[in-house]
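Written below as structure tokens is the structure these notes are about.
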Amino acid sequence: MAPQPKMPRSWRAETKPHKFCPGCGHGIILKFLGEAIDELEIHDKVVFGCDIGCSLLSWDFFNLDSVQTHHGRTIPVMTGIKRARPELICIAYMGDGGGYSIGAQHMVAAAARNEKITAILANNTQYAMTGGQMAPTTLPGQKTETSPYGRDPEVTGYPLQGPEMVSAITPDGAYVARSSIGNLRQLKAALKKALENQINGNGFSFVEALSSCPTNWRTNAKDTWSFIENEMSKQFKVGEIKAPGAVQGEVG
Amino acid sequence: MSEKTIQEEKRVFMTGNEVVAWAAIAAKADIMYGYPITPQNEIMHYWTRLAPKYNKTFLQTEDELSAGFTTVGGVMAGRKAFTATAGPGNTLMQEPMSMAEMMRLPTVVVIQQRGGPSTATVIYSQQEVTLTTLGGNGEGMRIVYSTANHQELYDYTIKAFNTAWKYRFPTFVLGDGYQAKMREPLTMYKPEERGVQIIEPQAFVGLAGVPGRDRPPAHHRNTYNLEEELYEKVSHDMAEFERIAPEVAEFQAENTDDAELVVVGHGVVFRAVREAVNNLREQGHKVGYFRPVTLRPLPVQQIKELSAGVSKILVVESAYGQLARLFKEVAYGGTAEITHLFRPGIGITATEVEVRVKGLLETGLRKPRLRKASVG
Ligand SMILES: Cc1ncc(C[n+]2csc(CCOP(=O)(O)OP(=O)(O)O)c2C)c(N)n1
Ligand code: SF4
């Protein structure tokens, strides 16, 4: 048998292969999240929360205590846990619909309060689970089920710059970055730093990851990558946006 | 350039969600506000495709609280605004709909029920009856049509706009996942061709003239400082709701006059009920059916007569007694024994109903035996 890539230890082997579509970005983000958890050896302290949306398919993804909650409500559920048990490491995992649309008020409030949780958001420019409708992150001109003639910013605005918004409203101590499944080293470093920031008790940590949805984009492998690397990353600049002094090191 | 809506009767074969979008166009709806949730998504998908062709508009809001409140705003502006949702979205929709209830706003909401509680399944159920009829804080002054097939989705979506604008109570079309997603034939028509006059909307704000000079300003509120004031307002609206109830309430019944047992069901479950009852009649059993088409207000007089006239009633629903609770409240005082077949969140076949009815006819309805209370 050909050698298989190693699964992170925090993954739950029994639930693999996972339930995401082939080529989906969610699986990639969760792989590097798993590795970051392994390396930080926080397995026994993590509570993993996922939203409704394709992220919910990760409800039994890890060998971690996990909570799957309502659409847009992952941040408050994790906030509730963290405030009751500050020693736990709480991760809120969601899509752009859950974080920037229905749950935007929670994102704003948690960021402003500098809640000491880690929020990770997969930005695939649309609502995947419900069948490809427009999201706050849909690119201008992009066709979706509810922008069948292409998103017109005159009517529905421009794509929301989530990390920039969170960066602007968080007090000191917050960690904010945008990553991409097109840049795995940077993605992993950002996820790890976002967790370290929580471990150090600094403040809100937020990573947006540019992610793929070949199913709803109706793209083949080549076009999927091209969309992420050429279209999405033009609109959404990848990199670290805010980091407290306490967090050392480069995000490469 | 805008295309003309349906001009002549047309036989079509389409999904329920598509039917709703076309019916809203036929009812001269102006604008849809919505947030994606299965199984109603395609109402938005079809509406957004049709909208520019008919000079209609659409806004995808950030959640259902917003979809409900923008609908409220659209209605206040004098446009025929509507929205559609399901399940947890219906839960969020209750806050704006409570406001619509207090302000007497003709909002229209299409609900395609999914499983519950909470997020549950995205497929089907009849578990949003309580929420849709009585959700929100307040007295549940709403009108709720429960449809059973695609023709009714078309008819009652059109009717919902007229009912809402005539009586000014929030009006709901209660469908479900099966109706939303399956294909079925129906006839689409221009309402006027069938003598249905489409009621024109009227603005609540932004009226002509300068307020304070040409006309009094339009003041709408849903907050009251004094208990007595609120009491008067709610009593007045409730009296009006009760006054119009017999006019609004609709039902369907057959073979109830000589029946020993009457089966009650609504929505798509009624299709199984009717088939079962027809089969049982053919086999010589004295059974009938009764179906409330409006779940709010219920056809009170007919239910009272029914529960005083037959000896047994079987309530069948894909929920754990949401219809039965409403039904029993009205039937209270009647002599009929009421029993049930509850299958929360799953479909019910005619055969299941038949088997159950036969069982009841053979054994009669046994009253539960009282156990002696044990001490200790
Ligand atoms: C209150 C409520 N409204 C709507 C939905 C339906 N819903 C389920 S997933 C989803 C969109 C998810 O999109 P996103 O958050 O971007 O995640 P993705 O699926 O793209 O990963 C919606 C609208 C719901 N479950 N609850
Ligand atoms: S629909 Fe898109 S986001 Fe959802 S699992 Fe499939 S590829 Fe991933």
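Naming convention: chains lettered A, B, ... in sequence-line order (proteins, then strands); numbering from 1 in each chain.
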Based on non-hydrogen pairs under 4.5 Å, which of B/S66, B/P36, B/G34 is most in contact with chain A?
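The answer is B/P36.
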Heavy-atom pairs under 4.5 Å with chain A are the metric here; pick the option from B/T57, B/T119, B/V122, B/T61 that has the most.
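Most pairs with chain A among the choices: B/T119.
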Give a yes or no answer on whether the side chain of B/N41 reaches the backbone of A/T130 with a donor-acceptor pair at less than 3.5 Å.
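Side chain of B/N41 to backbone of A/T130, a donor-acceptor pair under 3.5 Å: yes, one is there.
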Under the 3.5 angstrom rule, does the side chain of B/T83 hit a backbone N or O of B/G68 as a donor-acceptor pair?
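It does not hold such a pair.
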Could you look at B/Y46 and say if it's the side chain, the backbone, both or neither that has a heavy atom under 4.5 Å from chain A?
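Answer is neither: B/Y46 stays 4.5 Å or more from chain A.
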Heavy-atom contact with chain A under 4.5 Å, split by part of B/I37:
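It is the backbone, since no side chain atom gets that close.
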Considering all heavy atoms, the nearest A/N123-A/M232 contact
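For A/N123 versus A/M232, the nearest heavy atoms are O-CE, 3.2 Å.
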Under 4.5 Å from any heavy atom of chain B, what part of A/Y100 do you find: side chain, backbone, both or neither?
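Interface part for A/Y100: neither.
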Pick from A/M129, A/Q68, A/H71: which one has the most heavy-atom pairs with chain B under 4.5 Å?
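Among A/M129, A/Q68, A/H71, the one with the most close pairs to chain B is A/H71.
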For A/Q198, give me all partners under side-chain hydrogen bond (donor to acceptor under 3.5 Å, both in side chains), at least two apart in sequence or on another chain.
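Once residues adjacent in sequence are excluded, the partners of A/Q198 under the side-chain hydrogen bond (donor to acceptor under 3.5 Å, both in side chains) criterion are A/K82, A/T118.
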Distance-only donor-acceptor pairs under 3.5 Å for side chains of residues 101-109 of chain A, two or more places apart:
unit_1, atom_1, unit_2, atom_2, d
A/S101, OG, A/Y127, OH, 3.0
A/S101, OG, B/E62, O, 2.9
A/H106, NE2, A/R73, NH1, 2.7

